[in-house]
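These notes are about the structure you will find just below.
In this text the structure is predicted, and so the values were computed from the model without any measurement.
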Amino acid sequence: MKINIVLGHELPFPSKKGGGVNSLLGQLVNEFNDLGNEVTVYSPTFEGYNDIEVSNGVKYIRVKGATRKANLILNFFAGLPYFFRVLKKMEYADVLSTHLWHGFLFSFFKVAKVKTHTVHRDPKKYLNLFKNFNRIYFGSDSVCNEAIQMMPSLSDKFKTVYNCVDFKNYVSAVERKQEKKIRFLYVGRFSADKGLESLFFGFKKALDTFPDICLKTVGPLTEEGGSNMNYIRKLSDFVVENDLNNSIQISGPIYERDILDKEIGEHDVIVLPSIYGETLNMVVLECMRIGRAQLISDLPANIPLNEEGSTGFFCKAGDAESWAANIVKIARDIQMGVDYGSNTFEYGKNKFSSKIVSKEYISDFRVLLNI
């Protein structure tokens with residue numbers, strides 16, 4: 001089966017600095033190739049990347065992209081020349097898999113037997129533009145259900161296939177030297193949708209019961225990295241004003257996988273306090289490979305990430321009291337946290353492994369191709 005995968009105009013691929021969507025696609029591309037398919041990836045060219053190359057059996061074709069614009073409409077028009085450059089280079093395929101808003105334009109061109117689109121952070125109200133595609137994929141059930149409610153006429157084209165991570169080099173939960181001090185870790189952006197205020201306020205309250213626990217955040221601290229500078233300043237001031245410098249540490253991003261894995265392994269509990277805007281969080285999936293207990297907000301999109309009382313606990317989204325109560329609960333029983341971490345590893349490997357998820361995609365491609 002020949003599969004063409006088209007990425008957006010803003011970022012290099014494969015990424016050298018992580019990134020949720022690029023990380024996801026990087027793993028799927030390799031799995032598709034390992035399953036015996038002919039895979040070609042179209043992406044923007046960047047310094048240090050060849051315009052055309054074959055690496056580990058995958059063909060990469062790169063054309064000039066464009067800088068991302070904050071305004072959605074301006075960003076669309078900025079990426080139009082990129083779309084037509086890709087179109088000019090495109091080879092006919094069995095399956096076209098698009099991961100960019102401009103992808104609907106392929107509806108007007110004979111480029112593949114079957115055309116599919118995957119929703120990452122697309123504006124769902126524009127999904128009707130893909131009405132002539134054969135399939136539209138979603139990384140979580142909640143986002144798929146939301147799309148069905150908005151566009152019931154397209155529901156027969158909608159399908160959930162979970163986001164995934166590669167467990168290839170991860171055989172079990174990473175052991176951590178036990179300490180009385182329980183360490184909590186958040187990895188991600190500083191922005192309002194991530195709900196860090198409720199986490200910070202809840203953590204401060206939990207310190208009254210367990211004064212030795214500590215929280216560390218790892219993620220971009222710039223607008224370019226997707227964070228909000230006013231939000232960072234607000235929470236930084238909260239830490240200083242409440243004399244929490246020894247308990248809460250705000251640090252920058254870690255892009256190197258082995259270093260980030262080591263950082264995760266030095267903590268006991270992974271936290272995700274998001275209050276809106278989630279699909280199926282890639283950072284949490286990546287943390288599952290290390291095997292750590294989880295405290296996750298109860299957004300519908302987050303429900304598949306956690307098994308209450310087995311891998312961790314759900315906290316009420318945006319509720320500092322709920323966060324405080326669950327932080328205390330997990331800090332009270334160190335062995336429970338260790339057991340939950342082992343369960344998290346097995347849960348992630350059995351449900352979100354790229355080896356499993358890639359086969360779901362290929363199986364559905366075959367259905368669409370009627371083969």
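Aromatic pair F203/W323: ring centres not closer than 6.0 Å. H9 and H102 have their aromatic ring centers within a separation under 6.0 angstrom. A distance of 6.0 Å or more separates the ring centres of F104 and F133.
Residues V174 and R292 are in side-chain contact: their nearest non-hydrogen atoms beyond the backbone lie under 4.5 Å apart. Within the 4.5 Å cutoff, side-chain heavy atoms of L285 are placed close to those of L305. Residues F13 and Y60 form a side-chain contact, since some pair of their non-hydrogen atoms from C-beta on lies under 4.5 Å apart. When side chains are defined from C-beta on, L100 does not count as touching L7, because their heavy atoms never get closer than 4.5 Å.
Ion pairing of K262 with D258 is absent here, as no side-chain N (NZ or NE/NH1/NH2) approaches a carboxylate O to less than 4.0 Å. Electrostatic pairing of K113 and D94 counts as a salt bridge here, judged by a charged N lying under 4.0 Å from a carboxylate O. A salt bridge links D193 with R189: at least one charged nitrogen is closer than 4.0 Å to a carboxylate oxygen. With respect to R62 and E53, a salt bridge is recorded, a charged nitrogen being found less than 4.0 Å from a carboxylate O.
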What do the steps show when you test N281 against K194 for side chain to side chain contact (heavy atoms under 4.5 Å, CB included), and what is the final call?
-> CA-CA 11 Å; N281 189 275; K194 295 304 180 183; 3.8 Å; yes
Should Y82 and K64 be marked as a side chain to side chain contact (heavy atoms under 4.5 Å, CB included) after you check the CA-CA gap, both sets of side-chain angles, and the distance that decides it?
-> CA-CA 6 Å; Y82 166 78; K64 184 179 178 181; over 6 Å; no
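Stacking of K2 on the aromatic ring of Y92 is not recorded, the 6.0 Å distance cut-off and the 45° axial limit not both being met.
Judged purely by atom type and a 3.5 angstrom limit, N37 has no side-chain atom pairing as donor or acceptor with the backbone of N33. N306 places a side-chain N or O within 3.5 Å of a backbone atom of F313 that can act as its donor or acceptor partner.
Within the model, atoms CG of L80 and CG of N75 stand 10.5 Å from one another, a figure rounded to the nearest 0.5 Å. Atom-to-atom distance recorded for I182:CD1 and C214:SG is 9.0 Å, nearest 0.5 angstrom.
N228 and S191 form no side-chain donor-acceptor contact under 3.5 Å, judged by distance and modelled atom types alone.
Partner of F345 under the ring-ring contact (aromatic ring centres under 6.0 Å, His included) criterion, chosen from F352, Y170, F167: F167.
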